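Take a look at the structure set out below.
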Amino acid sequence: MNLKAINQINAWLKDESFLNWVHQSNTADIAKWERYFVLHPEERPLAETTKDIVKGIAFRSIPLYEVEEKRVLTKINERLESISKIDRTSQKRPIWVALAACFALLLGSIGLYLYLNSAQPIVFATNFGETKEIVLPDSSTVILNANSELSYQLKYTRKIHLKGEAFFNVQKSDIPFKVFTSDLTVQVLGTTFNVNSRLNQTRVFLEKGAVQLAIPFSDSPQDSIIQMSPGDLITYSKENQVLVNTKEKDNTNTSWKTGTMVFKNMLLPEIAAHIQEIYGIEIRLASEQLKIRSMTIALPNKNLDIALKSLEEVLDTKVKLIEERTYLISQ
Amino acid sequence: MSTLTDKTLIHQIGEGNRVAFNTLFKRYFSELFHYGKKITVDEAMVEDCIQELFLYLFEHPKVLSNIHSPKSYLYTSIRYRLLAAMKKQKSPTATLPESILQFSHEDFLIQQEQNACEQALLQRFLNDLPARQREAIYLKYYNNLSTKEIAVVMNISYQGVLNMLYKAFKNMRSNNNLHLLSELMISLFLFASCIQTYPF
């Protein structure tokens with residue numbers, strides 16, 4: 001992918017004056033951009049292609065399929081009626097008949113899905129600077145943060161393997177929901193929590209409900225089980241075998257879901273490491289002074305320009321691009 | 001009922017409101033069916049998949065209420081279900097086969113000034129594009145999905161979608177037979193302006 005061209009197209013699509021030039025709706029803007037392309041003729045082809053993207057292709061509007069619509073809606077309503085009839089009359093029938101019917105229905109609907117390709121794992125991944133919302137087959141929802149990967153097997157939809165960071169909202173069920181990271185396993189029955197597994201450590205923050213962590217310590221053959229309560233933030237690294245439990249009063253651990261990462265009293269090198277993970281860039285600190293500097297700052301996780309500008313403001317210095325995808329902060 | 005937003009309808013469906021459910025169904029049926037028909041010629045299969053999808057949604061209303069874009073979810077779900085059903089029926093193709101999402105001459109808005117020959121050229125050019133680029137064009141200009149929504153449906157990044165569109169239109173420009181295309185699209189645009197909006 002030609003990232004430079006794509007970023008330029010993206011910038012133009014968000015520029016009102018450019019759009020006015022495309023639609024020829026503002027004489028000042030038309031003149032401005034025509035002047036610009038006279039000075040930069042090499043950019044004109046890309047601009048023309050962007051213009052094509054904006055104007056697009058004129059298709060007919062989608063036809064109304066009234067016959068089919070009526071047919072499907074009737075079938076749906078019939079099915080819904082018959083399901084509620086089963087509910088209403090189940091009290092008269094012996095329990096085992098109702099259970100058998102439910103079990104058959106359950107098997108039937110699960111069977112169609114699960115037996116299609118049970119061996120291959122389903123994988124969801126995000127790019128740098130991107131977040132994704134995912135709905136799992138059991139209706140649990142996951143928000144996947146940037147540069148992260150989530151996978152599961154069709155046969156075991158409540159056993160999730162995670163690299164990176166995700167926020168889980170787990171459907172209550174008798175089947176335990178497990179999140180496996182390289183450091184530990186999170187075991188849940190149904191609740192909301194955040195798992196951050198990057199840079200050789202896993203951090204689990206519990207928002208609501210109850211969660212168990214299964215942690216392998218090298219001095220015992222079995223995993224140790226740790227219970228978490230809401231507000232607990234547990235950090236564990238398999239590498240150094242250290243477990244820390246801090247209580248979090250405010251919810252800065254999950255603010256990334258709405259696009260903001262909050263760093264509280266963190267050393268600048270650590271903040272830089274997180275930005276690197278999210279955006280796929282390298283940040284170098286020029287002086288020793290910067291390496292021991294700590295701060296509290298909130299940065300967006302989907303807009304690198306604003307993130308860097310915020311850093312510039314707080315540090316009162318310039319962030320320079322010195323190589324492809326490498327930035328230098330000097331003071 | 002028909003002027004309520006998707007979010008409101010979904011909330012109502014969560015409380016078991018059948019009228020809200022029927023409204024959401026009618027709002028999306030035709031476009032989902034049209035999309036499904038482009039993926040497979042088997043119309044009965046498309047109807048069944050839509051039926052199963054909406055039944056599932058009525059029984060699991062929380063699914064939709066947790067998502068930002070119900071529209072992307074519906075499209076993604078239909079796509080997944082159709083592919084799964086097609087896979088079960090015949091050859092194991094994990095991705096959309098190259099032959100799907102073909103445009104027919106009925107898909108285009110017909111203008112008086114327009115030469116039938118020019119339109120046929122455009123149609124043939126589009127159908128020769130790789131399936132992924134065709135799908136991006138279809139979802140954007142036929143179904144009017146936003147670039148962000150298309151990214152969810154096609155399971156690629158936002159930049160990935162722009163890349164698809166960029167490649168398709170770049171090829172169009174360099175294709176000598178379509179040198180009249182820019183004029184064609186300007187006149188088409190004037191008619192399409194009622195459905196084309198600025199926000200991307």
Side-chain angles (χ1 to χ4, degrees), chain A residues 1-3 5-7 9-10 13-14 16 19 23-24 45-46 48-66 68-69 71-73 75-77 79-80 83 109 112-113 115-117 120 124 126-130 132-135 138-141 143 169 171, chain B residues 18 22 25-26 29-31 33-34 43 47 50-51 54-56 58-60 62-63 66-69 73 84 87-88 103 106-110 122 126 137-138 140-143 147 152 155 157-160 162-163 165-166 169-170 172-173 181-182 185-186 188-189 191-192 195-196 198 200:
Chain A
M1 198 193 296
N2 184 345
L3 210 59
I6 300 300
N7 286 336
I9 294 178
N10 195 25
L13 291 176
K14 298 189 169 138
E16 213 184 304
L19 292 174
H23 298 298
Q24 309 259 295
L46 191 65
E48 293 289 334
T49 308
T50 310
K51 181 165 43 164
D52 292 341
I53 293 177
V54 173
K55 290 187 153 179
I57 299 176
F59 290 114
R60 272 214 176 131
S61 47
I62 295 171
L64 288 172
Y65 295 98
E66 282 172 353
E68 294 84 353
E69 183 186 290
R71 182 164 54 222
V72 177
L73 190 58
K75 277 195 207 161
I76 291 178
N77 284 318
R79 287 271 290 274
L80 289 176
I83 290 173
S109 45
L112 178 70
Y113 259 71
Y115 293 118
L116 283 175
N117 202 347
Q120 256 183 21
F124 290 95
T126 44
N127 275 326
F128 294 112
E130 174 192 24
K132 244 186 209 179
E133 292 188 55
I134 300 162
V135 179
D138 71 340
S139 296
S140 301
T141 57
I143 307 182
N169 187 330
Q171 270 295 104
Chain B
R18 291 277 280 276
N22 289 351
F25 176 85
K26 287 182 195 163
F29 180 83
S30 287
E31 57 186 282
F33 187 71
H34 196 78
E43 292 187 19
E47 284 189 27
I50 298 181
Q51 184 185 325
F54 275 89
L55 268 170
Y56 176 82
F58 188 79
E59 282 153 18
H60 302 86
K62 269 207 192 146
V63 166
N66 275 336
I67 305 182
H68 273 248
S69 172
Y73 177 81
K87 199 167 177 179
K88 196 183 175 204
F103 295 107
E106 299 153 346
D107 288 320
F108 298 91
L109 218 45
I110 302 170
L122 174 62
L126 288 176
I137 289 206
Y138 174 82
K140 176 133 211 85
Y141 303 113
Y142 215 138
N143 293 70
T147 308
V152 176
N155 202 24
S157 65
Y158 181 91
Q159 290 94 324
L162 287 184
N163 194 42
L165 295 172
Y166 165 65
F169 284 104
K170 189 169 151 208
M172 218 185 277
R173 283 229 155 231
L181 207 60
S182 45
M185 293 207 291
I186 292 171
L188 290 177
F189 172 72
F191 281 84
I195 50 168
Q196 197 60 290
Y198 280 22
F200 246 67

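So you know, we letter chains A, B, ... as the sequences are listed, proteins then strands, and number each from 1. Remember, predicted model here, so these are calculated numbers, not experimental data.
A salt bridge is defined here as a Lys NZ or Arg NE, NH1 or NH2 lying under 4.0 Å from an Asp or Glu carboxylate O, and A/E69 with B/K26 fails to meet this definition.
Looking at A/Q171, the atoms closer than 4.5 Å to chain B (heavy atoms on both sides) all sit in the side chain, from C-beta outward. Residue contact with chain B, scored on non-hydrogen atoms closer than 4.5 Å, involves the backbone and the side chain of A/E68 alike. The contact between A/P63 and chain B is made by backbone and side chain atoms together, counting heavy-atom distances below 4.5 Å. For B/F29, the part sitting under 4.5 Å from any heavy atom of chain A is the side chain, from C-beta outward, and nothing else. Only the side chain of A/N127 comes within less than 4.5 Å of a heavy atom in chain B; its backbone stays farther off. Proximity to chain A (any heavy atom under 4.5 Å) is shown, for B/H34, by both the backbone and the side chain. Within the 4.5 angstrom heavy-atom criterion, only side-chain atoms of A/E130, from C-beta onward, approach chain B.
A heavy-atom distance below 4.5 Å is found between the side chains of A/L80 and B/R18.
In terms of non-hydrogen atom pairs under 4.5 Å with chain A, the most contact-rich of B/E59, B/Q159, B/H60 is B/Q159. Heavy-atom pairs under 4.5 Å with chain B peak, among A/V135, A/N169, A/L3, A/T50, at A/V135. Highest contact tally toward chain B, considering only A/I143, A/T141, A/I6, A/T49, is held by A/I6 [criterion: heavy-atom pairs under 4.5 Å].
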Inset, instruction - Using the ring-ring contact (aromatic ring centres under 6.0 Å, His included) rule, take B/F103 and A/F59 through it: C-alpha gap first, then chi angles, then the decisive distance, then the call. - result: CA-CA 10 Å; B/F103 295 107; A/F59 290 114; 5.1 Å; yes
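Here the shortest heavy-atom pairing between A/L13 and A/L19 reads O-CD1, 3.5 Å.
Classified by interplanar angle (parallel below 30°, tilted 30° to 60°, perpendicular above 60°), the ring pair B/F54/B/F25 is perpendicular.
Applying the side-chain contact (heavy atoms from CB on, under 4.5 Å) test to B/N22 and every residue at least two apart in sequence or in another chain returns A/L73, A/N77.
Counting heavy-atom neighbours within 6.0 Å of A/K75 NZ, excluding the residue itself, gives a total above 12.
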